[in-house]
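Just below is one structure, and these are the notes that go with it.
Computed from a predicted structure; not experimentally measured. Basis for what follows: all heavy atoms, side chains included, without hydrogens, waters or symmetry-related copies.
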Amino acid sequence: DAWSARPWMLEHAQGKLASLAAREGLRPFAMGEAPLARAICIEDRQGGRAGLVLTLPHIVFDDASAGLLLDELAAAYRDPELAAFAGEGPALFEAMEREEVFVASPAAAMLVDQAVKRLDGMPAELEMLALATSDRARTVFEGAAAELALDAETVALLAAYVQKHRVTPAAVCLAAWMLLLSRYSGQRDFGVCLPVSHRLDAQSQGVIGYLTNLAVVRAQIDPLQALASFIDAVVDKMMDGLEARELPFPLLVKRMKRLGTNLQGPLSQVAFNYLRESTTAPRFDAAEAVRLVVAPPLVKNQIKLDLTESADGIRGLLLYDRQGLSAPMAKRMAAGFGVLLSALLRSEASTRVGELPGMARAEEERLRAWNETDRGYERGVGLHELVERQAHGRPEAVAVMFEDRRLSYGELNRWANRLARQLVDAGAGAERLVAICAPRSVELVVALLTILKSGAGYVALDPELPQARPESMLRDRGAVA
């Protein structure tokens, strides 16, 4: 019996709690058998701090329930007679009954219509996280996590910003998360899944159970949009989700599916959550409980930003599907979130969102160093003459690469020389123009070098243009070939 077993005695238990909790999270529950909970009490053989590992399936337990349960455990620990309380079963059943009545009401139908309108035309997936066709039915992924902690200055800036603009920290952090995802994916329209509390009255506030709904907030990003306008739009969309929190998410999924839009992508792909920890930790006699943050071995989203605000600041985990993202990329994204949020908080309201930086200064300097490829070269010498020097000095060196083709300097020079002689015979030379019309290819480079060798200048024509347009350009320029 998991509730009456003796404590586990471990050497150096404090350092082993995280791995034990992770292993416990992988053990399945028999969903038809009570109780849907497991508890393991840990004691350190060396007399160190004790630990408690509680495991519950998410279908009967949400974030708000965790604080409630710990408070009740602490109260029962101080006064064992309280352990025989009747529980909150009736209140939970009443909440379920209210939801059942609401689903059948005209108000629910109106909320569904409004949500369908908001999400109409939204892409089904964020392309950087697109699942293979065979994986689209997956709802659980092999998880990994990248930790992040906002520095004290950014936390202070966030507090000042939300007070000045009368917005929530969650809305500002969600805006930064959307911008970061857009930077990494190149996509400007996608959905982010948020949990929204369904505890609408005093009775349900103290209920332990799953009273959380899901909302998909649509990110629509225009790099030219002013920062203040963008954040206002994010706040409005979050409010739409909160106003529809009575709407069971499966009802919306079913309606969208009938209309040809699959919400499984936003539901399983991208998520965001912002929690405020209680300022007072539950106490067990003289000992104060400290919650241990453990990265789950399995995750329900391909990528999710979990932020927690406490008296010590704001910390978080960037949870991700290890088969879809690499650990280095996840770490860069976690660091980039802090950079982007800090820049957002320091920027003027009129700043365009596309102008905000998205990477740490050290990483930006590294990229700049990689791209410092400019080199000095001899002035007063033609490009075709520089190629000829390379052809004589390093004939086997690669001069041109395109897709799977390679051309050495020697080959390039010989090919261009043959064609240049033909061009000169056709009338090309100084003060003359030669037209060139070709797609990006090895042949295009050869043709440009050929024209330079002939002494002529070139007129570039777009091969995608209608035929009449190049013909008129040739007549106007008087090209000889």
Can you tell me how far [atom2] of [Y] sits from [atom1] of [X], rounded to the nearest 0.5 angstrom?
X	Y	atom1	atom2	result
R218	M122	CZ	CE	6.5 Å
I40	T55	CD1	OG1	6.5 Å
L340	R183	CG	CZ	5.5 Å
L68	I208	CG	CD1	5.5 Å
N301	Y320	CG	OH	15.0 Å
L194	W177	CG	CH2	12.0 Å

Can any side-chain N or O of [X] pair as donor or acceptor with the backbone N or O of [Y] at less than 3.5 Å?
X	Y	answer
E348	S350	no
R38	E24	yes
S342	V339	no

Closest non-hydrogen atom pair, [X] against [Y]:
X	Y	answer
A226	A349	CB-O, 3.8 Å
L356	S347	CD2-OG, 3.2 Å
P297	A22	CG-O, 3.5 Å
I231	A175	CG1-CB, 4.2 Å

Residues 110-119 side chain polar contacts: donor-acceptor under 3.5 Å, at least two apart:
residue, atom, partner, partner atom, Å
D113, OD1, R255, NH1, 3.0
D113, OD1, R255, NH2, 2.9

Quiz item: In chain order, what residues pass the side chain to side chain contact (heavy atoms under 4.5 Å, CB included) check against R368, with sequence neighbours excluded?
Solution: E364, E365, E372

Practice problem: Using side chain to side chain contact (heavy atoms under 4.5 Å, CB included) as the criterion, list what pairs up with L444, not counting sequence neighbours. | Solution: I436, A438, S441, L448

Quiz item: Given Q220, which of K237, Q225, R188 fulfils the side-chain hydrogen bond (donor to acceptor under 3.5 Å, both in side chains) condition?
Solution: K237

Quiz prompt | Derivation of the side chain to side chain contact (heavy atoms under 4.5 Å, CB included) call for K300 and H58 | solution = CA-CA 11 Å; K300 296 180 294 180; H58 198 19; 2.7 Å; yes

Self-check item: R394 atom CZ: more than 12 heavy-atom contacts under 6.0 Å
Solution: no

Quiz prompt | Sequence-distant partners of F61, ring-ring contact (aromatic ring centres under 6.0 Å, His included), two or more places apart | solution = none

Any [X] side-chain heavy atom under 4.5 Å of [Y] side chain:
X	Y	answer
V140	V299	no
P57	F29	yes
Y161	V172	yes
F337	L150	yes
M178	I221	yes
C173	F272	yes
S408	V398	no
L412	Q390	no

Quiz item: Between V196 and T212, is a side chain to side chain contact (heavy atoms under 4.5 Å, CB included) present by the stated rule, with each step listed?
Solution: CA-CA 6 Å; V196 289; T212 296; 5.8 Å; no

Quiz item: Is a side-chain donor-acceptor pair under 3.5 Å present for S229 with D232?
Solution: no

Practice problem: Could you give me the CA-CA distance, side-chain angles and deciding distance for K304 and N273, then say whether side chain to side chain contact (heavy atoms under 4.5 Å, CB included) is met? | Solution: CA-CA 8 Å; K304 178 186 181 183; N273 195 18; 4.0 Å; yes

Please list every donor-acceptor pair under 3.5 Å in which a side-chain atom of residues 151-158 meets a protein atom from a residue at least two apart or in another chain.
residue, atom, partner, partner atom, Å
D151, OD1, E153, N, 3.1
D151, OD1, T154, N, 2.8
D151, OD1, T154, OG1, 3.0
D151, OD2, T154, OG1, 3.2
E153, OE2, R346, NH1, 3.4
E153, OE2, R346, NH2, 3.1

Quiz item: Honestly, is R352 close enough over F230, meaning NZ or CZ under 6.0 Å from the six-membered ring centre and within 45° of the axis?
Solution: no

Quiz prompt | Salt bridge present between E443 and R405 (N-O < 4.0 angstrom) | solution = yes

Result block: side-chain N/O donor-acceptor pairs under 3.5 angstrom for residues 306-317, not counting sequence neighbours:
residue, atom, partner, partner atom, Å
E309, OE1, Y274, OH, 2.6
E309, OE1, R276, NE, 3.3
S310, OG, D312, N, 3.3

Practice problem: Starting from the C-alpha separation in whole Å, work towards a yes-or-no answer on side chain to side chain contact (heavy atoms under 4.5 Å, CB included) for L325 and I303. | Solution: CA-CA 9 Å; L325 281 184; I303 188 167; 3.6 Å; yes

